[in-house]
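Working notes, beginning with the structure itself.
As a basis for the values below, the full set of heavy atoms in this structure was taken, side chains included, without hydrogen atoms, waters or symmetry mates.
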Amino acid sequence: MAARQVGTIQEIVDLVVDCFEDDHEALIALSFISHTWCISTRRWLFEELKINNWASRRFNLKAFAELVSSSSYIARSIRTLTLSGGDVPVKCKHLGIILSKLGRLSQLAIVQSRFSGKLVLDGELSCPLTELAIEDISDSDGRCTLPQLLHLFPSLK
């Protein structure tokens with residue numbers, strides 16, 4: 001009888017977690033089992049991130065930028081980011097920090113938002129952004145423009 005090779009614990013956990021990729025509630029529950037399970041679920045939990053009212057007074061964009069900067073696990077997981085709406089202008093400085101840290105971001109959608117300040121990326125841009133959707137945005141001070149965004153992401157389709 002030939003012995004079967006069993007992978008590492010992390011590989012086994014990854015296989016189990018992959019079975020629940022479309023069940024958000026199950027992934028959340030699995031993430032609480034242990035640190036090993038939490039690492040495996042992050043890939044699916046943060047792959048597609050949607051933030052509504054991201055420019056509101058209740059959502060702290062600066063804190064979100066700091067989270068993305070300090071948590072490489074989360075930053076590496078986000079592939080699709082949708083930011084919609086809000087009642088205050090978004091500081092482009094924080095948006096630039098976020099975009100600079102998302103190394104796997106391929107799709108970005110910004111809907112019903114106002115911007116202020118110049119969009120400056122923090123360090124070298126590493127995200128392979130290929131799709132950008134912008135709908136109903138305005139620029140309160142004339143410095144964050146669509147041509148500027150297109151220039152920052154040369155791999156856009």
What is the distance from atom [atom1] of [X] to atom [atom2] of [Y], rounded to the nearest 0.5 Å?
| X | Y | atom1 | atom2 | value |
| --- | --- | --- | --- | --- |
| Lys101 | Ser71 | NZ | OG | 12.5 Å |
| Leu83 | Leu61 | CG | CG | 8.0 Å |
| Ile9 | Asp14 | CD1 | CG | 11.5 Å |
| Ile51 | Leu81 | CD1 | CG | 6.0 Å |

[X] side chain vs [Y] backbone, donor-acceptor pair below 3.5 Å:
| X | Y | value |
| --- | --- | --- |
| Thr82 | Ala109 | no |
| Ser69 | Ala65 | yes |
| Arg79 | Glu47 | no |

How far apart are the closest heavy atoms of [X] and [Y], and which atoms are they?
| X | Y | answer |
| --- | --- | --- |
| Val13 | Trp37 | CG1-CD2, 3.6 Å |
| Leu95 | Ile110 | CD2-CD1, 4.3 Å |
| Leu102 | Ile98 | CG-O, 3.2 Å |

- Would you please classify the geometry between the His35 ring and the Tyr73 ring as parallel, tilted or perpendicular, with 30° and 60° separating the classes?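 Correct class here is perpendicular.
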
- Applying the 4.5 Å side-chain criterion to the ILVMFWY set and letting contacts propagate, would Val17 and Ile39 be lumped into a single cluster?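 Hydrophobic grouping puts Val17 apart from Ile39.
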
- Query: Among the clusters formed by ILVMFWY side chains lying less than 4.5 Å apart, do Leu49 and Ile74 turn up in the same one?
  - Reply: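 Same hydrophobic cluster.
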
Donor-acceptor pairs are to be reported for all side-chain atoms of residues 23-34 against protein atoms at under 3.5 Å, with residues two or more places apart or in another chain.
residue : atom : partner : partner atom : Å
Asp23   : OD1  : Glu25   : N            : 3.4
Asp23   : OD1  : Ala26   : N            : 3.2
Ser31   : OG   : Ile28   : O            : 2.6
Ser34   : OG   : Thr36   : N            : 3.4

- Message: We want to know whether Ser40 and Gln10 form a side-chain donor-acceptor pair, criterion being a heavy-atom distance below 3.5 angstrom.
- Response: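 Side-chain D/A pair, Ser40 to Gln10: present.
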
- Query: After noting the C-alpha distance and the side-chain angles of Thr80 and Gln107, does the key distance pass the side chain to side chain donor-acceptor pair (under 3.5 Å) rule?
  - Reply: CA-CA 5 Å; Thr80 302; Gln107 297 176 337; 3.1 Å; yes

Answer whether the closest heavy-atom distance between the side chains of [X] and [Y] falls below 4.5 Å.
| X | Y | answer |
| --- | --- | --- |
| Asp22 | Trp44 | no |
| Leu105 | Leu99 | yes |
| Phe64 | Ile97 | no |

- Partners meeting side-chain contact (heavy atoms from CB on, under 4.5 Å) with Arg43 (sequence neighbours left out):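 In terms of side-chain contact (heavy atoms from CB on, under 4.5 Å), with neighbours along the sequence ignored, Arg43 is linked to Asp18.
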
